[in-house]
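Written below as structure tokens is the structure these notes are about.
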Amino acid sequence: MASRDRSSLNPAALDRLRQLCRPGWLRSVILRRCIALILISAAVVVTVIDHRQPPAPTALVAAHDLAPGTVLDTDDVMQSPVPDHLLPEDRPAIADIVGRRVTGPIQAGEIIGRHRLLDSRLPAALLGDSNARLVPVTPADGTLLTLVRVGDHVDVLSEESDVLARDAIVALVPPRSSSQSDRRPGSALIAMRESAAHRVAAAGLRTAITFVLH
């Protein structure tokens, strides 16, 4: 009898576990606190991991659709995080693009690299030749300008069918006019080797010029 009284006053570990498993207000409070502690610990761990990761690289992207020849302003671009494998090596800063022209159509959200901007480095970037030049070419048949796009490869010919430049690359075409009455001749900027650029520029002063698409 005495042993039973002592056992009731000193419950075994198994008895205590059974008591905890019984429904009750105290057990519910303890359970909720344990769950809250686990959630708080998980949130702290996630926050620490996020802060340890380096921020994603950013690049300039078009804030809206840009037409060829558009002169860029700060409202035309915005900084946006991009994956490492899409980050252009020639990404410009905002200060580098203000007042520059885009060489071709750029869609909203598209990454803007220096190769999409008109500058002295563009012909070298297009042809892989540091001595490449940009030459304005006004074709005798103005409708040719509606057929070519930036990046097209062309051969430039004189009126006498002399080949003035081979495998040149179109760098900029004039925007299409919405007015039917505007029939002024336009020019395309074409990147070509230095020697060919001199021939084309000189020929354009004395004879009609055309180009053949590849």
Side-chain angles (χ1 to χ4, degrees), residues 59-62 65-73 76-77 86-107 110-179 182-214:
L60 291 178
V61 301
D65 291 346
L66 300 171
T70 299
V71 179
L72 293 177
D73 199 354
D76 297 320
V77 298
L86 294 179
L87 194 65
E89 295 181 359
D90 60 346
R91 55 177 173 165
I94 291 182
D96 298 330
I97 61 94
V98 174
R100 303 273 291 280
R101 293 181 183 273
V102 298
T103 58
I106 300 178
Q107 295 182 347
E110 186 176 344
I111 297 173
I112 299 177
R114 292 183 186 275
H115 64 285
R116 305 301 304 274
L117 305 174
L118 186 61
D119 69 0
S120 59
R121 289 173 289 188
L122 179 61
L126 291 174
L127 293 173
D129 182 353
S130 60
N131 292 320
R133 298 289 187 268
L134 282 176
V135 181
V137 175
T138 304
D141 183 1
T143 58
L144 281 175
L145 295 176
T146 65
L147 303 178
V148 295
R149 298 291 183 271
V150 172
D152 285 349
H153 289 242
V154 298
D155 294 335
V156 182
L157 285 72
S158 69
E159 189 177 22
E160 294 79 18
S161 300
D162 296 326
V163 179
L164 304 174
R166 295 183 184 274
D167 204 24
I169 299 178
V170 178
L172 179 67
V173 293
R176 296 184 181 180
S177 173
S178 58
S179 173
D182 187 0
R183 299 183 179 276
R184 292 175 297 175
S187 298
L189 278 179
I190 301 181
M192 59 190 72
R193 311 293 177 184
E194 182 179 19
S195 57
H198 295 165
R199 288 195 300 270
V200 172
L205 297 175
R206 62 177 185 271
T207 185
I209 292 179
T210 189
F211 44 78
V212 178
L213 280 73
H214 284 205

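Since the structure is predicted, the reported quantities are computational estimates derived from the model, not experimental observations. Here, residue 1 is the first one in the sequence, and each next residue gets the next number.
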All heavy atoms of Ala188 vs all of Leu145, minimum pair found to be CB-CD2, 3.7 Å
Rounded to the nearest 0.5 angstrom, the CZ-CG distance for Arg166 and Leu164 is 10.0 Å
Exercise. Distance-only, no hydrogens or angles: does the Arg101 side chain make a donor-acceptor pair with backbone N or O of Gly99 under 3.5 Å?
Worked result: no
Q) Is Arg100 atom CZ crowded by more than 12 heavy atoms from other residues, nucleotides or ligands, each under 6.0 Å away? A) yes
With heavy-atom distances below 4.5 Å as the criterion, would you say the side chains of Asp65 and Pro105 are in contact? no
For Ala203 and Ile209, the nearest pair of non-hydrogen atoms, with its separation, is C-CD1, 4.0 Å
Taken to the nearest 0.5 Å, the spacing of Leu60 CG from Arg116 CZ works out to 13.5 Å
Distance col, row Leu189:CG vs Leu122:CG, nearest 0.5 angstrom, shows 8.5 Å
*Is the closest side-chain heavy-atom distance between Val102 and Leu117 below 4.5 Å?*
yes
- Item | Close side-chain approach of Asp141 and Phe211, heavy atoms under 4.5 Å | no
Heavy atoms of Met192 and Ala165 approach each other most closely as SD-CB, 3.9 Å
Looking only at heavy atoms, the pair that brings Ala124 and Ala132 closest together is N-CB, 4.1 Å
Notebook entry, point to check: More than 12 foreign heavy atoms under 6.0 Å from CD of Glu160: is that the case here?
Noted result: yes
Donor-acceptor contact below 3.5 Å, side chain Asp155 vs main chain Asp167 | yes
Given the options Thr138, Val135, Val173, Ser187 meets side chain to side chain contact (heavy atoms under 4.5 Å, CB included) only with Thr138
Separation between OG1 (Thr70) and CD1 (Ile106), nearest 0.5 Å, reads 8.0 Å
So the side chain to side chain donor-acceptor pair (under 3.5 Å) pairs with at least one residue in residues 197-209 (sequence neighbours excluded) are Glu159-Thr207
Consider only side-chain N and O atoms of Asp152 and His214, and report whether a donor and an acceptor are under 3.5 Å apart. no
CG of Leu72 to CG of Asp96, rounded to nearest 0.5 Å, is 11.5 Å
Check against side-chain contact (heavy atoms from CB on, under 4.5 Å), Ile111 and Arg91: CA-CA 9 Å; Ile111 297 173; Arg91 55 177 173 165; over 6 Å; no
Check your understanding: Are the side chains of Leu118 and Thr103 in touch, meaning some heavy atoms are under 4.5 Å apart?
Key -> yes
Is there a side-chain contact between Arg133 and Pro123 in this structure, where contact means two heavy atoms from C-beta onward sitting under 4.5 Å apart?
no
Correct closest heavy-atom pair for Gly69 and Leu172 would be N-CD1, 3.9 Å
Residues Leu87 and Ala59: closest non-hydrogen pair is CD1-CB, 4.0 Å
